[in-house]
Amino acid sequence: MRFNISLLFFFSISLSSAQTATIDFKETIDSLIAAKPKSLVEMESVIELFDQDTLQLDYFLKSAAKKNFREGQVMALNKLAIRYRQLSKFNLALERQKEALEMASALENVELEVYTLNMLGVLYRRIDAITAALDHTYLAIEKAQAVKNPSIALQQSINLSYNNIGQINRILGQYDLAIEQFKKAMELEKELDNKLGLAVNYQNIGECLEAQGRLVDALEAYDKAMEINLVLNNPRGKILCENGIAHVYVHQGKALEAKEMLTKSLEDANNLGEHALIAAVELTLGWAYAEMENFDEAENHLRQGLEMASAYNFLRLRSDAYDLLSDLWAKKGDYQKALKYFKTSLSVEAQTKNDKNVRYVYSSIIKKDNEERVSSINQQLRKNNTRLLVSGIVLALLSGIFYILYRQYQLKNDKKLLTLEQSMLRSQMNPHFLFNSLNSIKLYIINNEQKNAVHYLNKFSKLVRKILESSSMREIPLAEELETVELYMNIENIRFSNEIDFQIRVDENIDTHTVRIPSLILQPFLENALWHGLSSKLGEKKIDLHITKNVKDFIDISITDNGIGRQAAEKIKENKVLKRKSVGIEITKERLANFSKDYLNTFEVEMVDLYDDEGNSMGTRVILHIPTA
């Protein structure tokens, strides 16, 4: 009896509290509708109190409609769309967003129209409709910049537009362009003292830097974003930053630290209820477990992330999930499954990152830049007299001529670079190397050495994959290049009956993850050492790859072999009936020259013949002096 009375008392208090909260909420809505503010900032300050509750937003929408408060209806529709987007109810979000845009356009309220266009751009980006996202975002910028004295709300909308363009470029892998847009947005956010905007852009820059392999810089950007999010008590931003930091930790071999951070992040993401965020954290957590070789937990989290990404059609997350599952099965030794998941990953990624989307984004950016230049010139011409007009035309003609000359120079360089990259790939994917490697693996199979066959087949497939991936990038972290050459040497060593002692030494003052070099430049020198220096040598065979930093803004990579020396190798080569011309080193030198154009310093390749005290050849040393600044 006492229990029933207590329970009744508890429900009475709860009901009373709920009724009070409802009354307070309705009074707030009634006050807002009675005031009928047209300013975005005024409405935002009230609506943010309940913008996570779809029922309350729906009540606000209906109440505003009854009182013919059209601006309020637009805001309610936008906020409903945003919440539906967060809950991955994209069809509902799109319906509300289109309705809001139609109403905002009819009202001729620029603030609301620009805000709605931006929100629609973000929504299209989230569902990977890239061209529609870019169209709506550029239209938002155009309308906002047409206003002479833009309000704070319009300035914030312009910043959001720049951020969205940056995000689109990031999705398509155009990281430098993306960072440029994020930095542009950050400068404007600093002027407005918008801390949330700064946090978002720092976090986005961190993602781009991480994708480029610049892990230390990425971590710094994530830390800055995290610091602001903690001050603002922004749970979503905090989870995003933790996921980014954990990503970097896994890259740096700190999988345990990443796992510990993400366990709490996953709980917070589930509480927030945003599916894309949950899926992202699940995948990073699965990746961390895979690196720790806890394969059961890894597969569990990766499949959870994949299921959620598939359920809500998050293309980029699905692609990441398949890629991580491919790596997981490779670690477990099931290469058939690994290959299957890798192919699926490429197929899903191609749906977003296709040539059409990339070309469309580039053409839109160029068009926008040209329009801004033309607008600027027209304003200047209206202010100046006829003399200045003539000068302006002459200047424009000269600029046009210089631009044409510059474009011809640039196209010539691009063509040369493309030719070099194609030649480089041909030298890496040498038919003799591929054929002989597969033959060596076949011998293991014939001799029933299954363990060796699987071991080397795994290394061979991984090497081919890394060569194909690296060949599409102009430069990569030194750590990736070292991993590639180690795989190459493992494969080549089969043909030398594992006689070659190959070592990689890196001085402690060098971070191989931050130093960037042209992709696939070391293999031609190693191939030279193998087939000209060591193949004809009897006895002990050694190759030593040593990376040092003796001079500021340079790294030195030396490749030393104890072979027969260049003179003896040249004599053997002259006596051969079939003389194979080695072009790999010359191509590499041209690529290093092209790479060095972006730096203050230039490269140098030094070849040193080694002799003992009696003048006998002890091998050859090749030293690459590569600029880092």
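Numbering starts at 1 and runs along the sequence shown. Predicted model only: the values in this text are computed from it and were never measured.
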Mind jotting down which residue pairs meet the salt bridge (Lys or Arg N to Asp or Glu O under 4.0 Å) criterion with at least one end in residues 233-245? Sequence neighbours excluded, please. Arg236-Glu274, Lys238-Glu242, Lys238-Asp268
What's the shortest heavy-atom distance between Gly213 and Pro477, and which atoms? CA-CG, 3.9 Å
Hey, is the main chain of Glu486 close enough, under 3.5 Å, to the side chain of Asn490 for a donor-acceptor pair? yes
Quick note, ring-ring contact (aromatic ring centres under 6.0 Å, His included) partners involving residues 184-225, not counting sequence neighbours, are none
Output yes when a side-chain donor or acceptor of Asn270 lies under 3.5 Å from a complementary backbone atom of Leu266, and no otherwise. yes
Among all residues two or more places apart in sequence or in another chain, which pass the side chain to side chain contact (heavy atoms under 4.5 Å, CB included) test with Asn509? Asp507, Lys549
Leu272 and Ile239: side-chain contact (heavy atoms from CB on, under 4.5 Å), yes or no, with the steps? CA-CA 10 Å; Leu272 207 59; Ile239 296 165; 4.2 Å; yes
For residues Gln304 and Leu285, determine if any side-chain heavy atom of one lies less than 4.5 Å from a side-chain heavy atom of the other. no
Could you go step by step and tell me if Asn528 and Val622 meet the side-chain contact (heavy atoms from CB on, under 4.5 Å) rule? CA-CA 10 Å; Asn528 216 40; Val622 178; over 6 Å; no
Counterpart residues, side chain to side chain contact (heavy atoms under 4.5 Å, CB included), relative to Asp176 (two or more places apart): Gln212
Measure from the side-chain N and O atoms of Thr514 to the backbone N and O of Asp511, and report whether any donor-acceptor pair falls under 3.5 Å. yes
Qualifying ring-ring contact (aromatic ring centres under 6.0 Å, His included) pairs with a residue from residues 255-284, counting only residues at least two apart or across chains: His275-Tyr312
Looking at every non-hydrogen atom in both residues, tell me the closest pair between Thr137 and Ser161 and how far apart they are. CG2-O, 3.4 Å
Just wondering, do Thr560 and Val608 contact through their side chains at under 4.5 Å, heavy atoms? no
By side-chain hydrogen bond (donor to acceptor under 3.5 Å, both in side chains), Lys190 pairs with (sequence neighbours left out) none
Taking salt bridge (charged side-chain N to carboxylate O under 4.0 Å, His left out) as the definition, give me every residue that meets it alongside Glu220, ordered by chain and number, with sequence neighbours left out. Lys224
Shortest non-hydrogen contact from Ala211 to Tyr175? CB-CZ, 3.3 Å
What I'd like to find out is whether the side chain of Val200 reaches to under 4.5 Å of the side chain of Asn204, using heavy atoms alone. yes
Answer whether the closest heavy-atom distance between the side chains of Leu482 and Leu478 falls below 4.5 Å. yes
Thr484, Leu487, Leu457 screened by side-chain contact (heavy atoms from CB on, under 4.5 Å) with Lys462, the one that passes: Leu487
Option from His136, Arg125, Gln181 for which side-chain hydrogen bond (donor to acceptor under 3.5 Å, both in side chains) with Asn164 holds: Arg125
Sorted by chain and number, sequence neighbours left out, side-chain hydrogen bond (donor to acceptor under 3.5 Å, both in side chains) with Tyr341 holds for Arg303
Side chain to side chain donor-acceptor pair (under 3.5 Å) between Asn159 and Asn194, intermediate numbers included: CA-CA 10 Å; Asn159 299 349; Asn194 181 8; over 6 Å; no
So Glu606 and Arg621, salt bridge (charged side-chain N to carboxylate O under 4.0 Å, His left out) or not? Walk me through it. CA-CA 8 Å; Glu606 185 181 357; Arg621 177 174 294 146; over 6 Å; no
Which pair of heavy atoms, one from Ala178 and one from Gly166, lies closest together, and at what distance? CB-O, 3.2 Å
Residue pair Ile521 / Leu624: nearest heavy atoms and the distance that separates them: CD1-CD2, 4.0 Å
Tell me if a side-chain donor or acceptor on Asn233 pairs with a main-chain N or O of Asn229 at a distance below 3.5 Å. no
Closest heavy-atom pair and its distance - Ile623, Ser558: CG1-CB, 4.1 Å
Under 4.5 Å between any side-chain heavy atoms of Leu522 and Glu481, yes or no? yes
Examine Trp287 together with His247 and report whether their ring centres are nearer than 6.0 Å. yes
Side-chain heavy atoms of Tyr488 within contact of Leu530, under 4.5 Å: yes
Those residues at least two apart in sequence (or on a different chain) that pass side chain to side chain contact (heavy atoms under 4.5 Å, CB included) with Ser461 are Asn458
With sequence neighbours left out, the residues meeting ring pair (Phe, Tyr, Trp, His ring centres under 6.0 Å) with Phe525 are none
With a 4.5 Å cut-off on side-chain heavy atoms, are Phe502 and Glu492 touching? no
Is there a side-chain contact (heavy atoms from CB on, under 4.5 Å) between Ile543 and Leu545 once you walk through the steps? CA-CA 7 Å; Ile543 296 181; Leu545 196 157; 5.6 Å; no
Which donor-acceptor pairs under 3.5 Å do the side chains of residues 248-261 make with protein atoms, sequence neighbours left out?
none

Go through it in stages, so that I can follow the logic: the residues are Lys331 and Glu291, the test is salt bridge (charged side-chain N to carboxylate O under 4.0 Å, His left out), and I'd like the CA-CA distance, side-chain angles, deciding distance and then a yes or no. CA-CA 9 Å; Lys331 285 177 186 290; Glu291 291 299 311; 3.4 Å; yes
Kindly write out the residues that satisfy side-chain hydrogen bond (donor to acceptor under 3.5 Å, both in side chains) with Asn294, not counting sequence neighbours, or none if the list is empty. none
Is any side-chain heavy atom of Asp561 less than 4.5 Å from a side-chain heavy atom of Asp544? no
Please determine whether the number of non-hydrogen atoms from other residues, nucleotides or ligands lying under 6.0 Å from atom NZ of Lys195 exceeds 12. no
Can you check whether Glu189's main-chain N or O pairs, donor with acceptor, with Asp193's side chain at less than 3.5 Å? no
